[in-house]
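Comments concern the structure below.
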Amino acid sequence: MGILSFFYPDNYSCDFYGMSKKLPEIMKEKGLGSVIFDIDNTLVPHGAPADERAKELFKELSRAGIKTMVLSNNGLERVRSFAEAVGTGYICNARKPSRVGYLKACAAMGSEPSKTLFVGDQIFTDIMGAKRAGLSSLLVDPVDRSTDIFKIRLKRIPERFILASYRRRQKKGKSPQRGCANS
Ligand SMILES: [Mg+2]
């Protein structure tokens, strides 16, 4: 394992909404009963309100008996309005990759971190924090890269190297877990 493997997500999807219909089934297979989402560029473009497909996703997860939360480094107003629109609990100003917010979100759902999935678009905040807090992680491609703020754009550069290395390893079949069907 190279040094980059320290940053690898457990799974990766280049088309999250393309596979999200299968998410409840995949989670159940892996024994995961709860899921925490990043918001910006994971579920909607950065700063955009909840859209129909995001609302439908939360409905489907709830129908499948899966508990949900959103966990964002963004501020109260943005995070609360999104969470209310999709009907889920939230933690804002989370300071990811600090593990504190992840553990609070798990506690709010009554879920063990090891039985909880985190879905996010950034390796150095979302995925690192999930790994530190002992959650399972799914890295997704940003919904709309052009909406990334400047400091996020800078982090995309080293992220690209890590993701390329991760995908090479996946192709060789050396990854501990295979990625999503569409990755
Ligand atoms: Mg994000």
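Just follow the structure's listing: the first ligand is 1, and inside any ligand the first atom is 1. Owing to the predicted nature of the structure, the values given are computational and were not obtained by experimental measurement.
Side-chain rings of Phe7 and Phe124 approach one another, their centers coming within less than 6.0 Å.
Between the Mg ion (ligand 1) and the N, O or S atoms of Asp121, the shortest distance is to OD1. With respect to the Mg ion (ligand 1), Asp38 has OD2 as its nearest N, O or S atom. Minimum-distance N/O/S atom of Asp40 relative to the Mg ion (ligand 1): O.
Under a 4.0 Å N-O distance rule, the pair Arg63/Glu56 qualifies as a salt bridge. We find that Lys22 and Glu25 are not joined by a salt bridge, their nearest charged nitrogen and carboxylate oxygen being 4.0 Å or further apart.
A donor-acceptor pair under 3.5 Å is formed between the side chain of Arg153 and the backbone N or O of Ser146.
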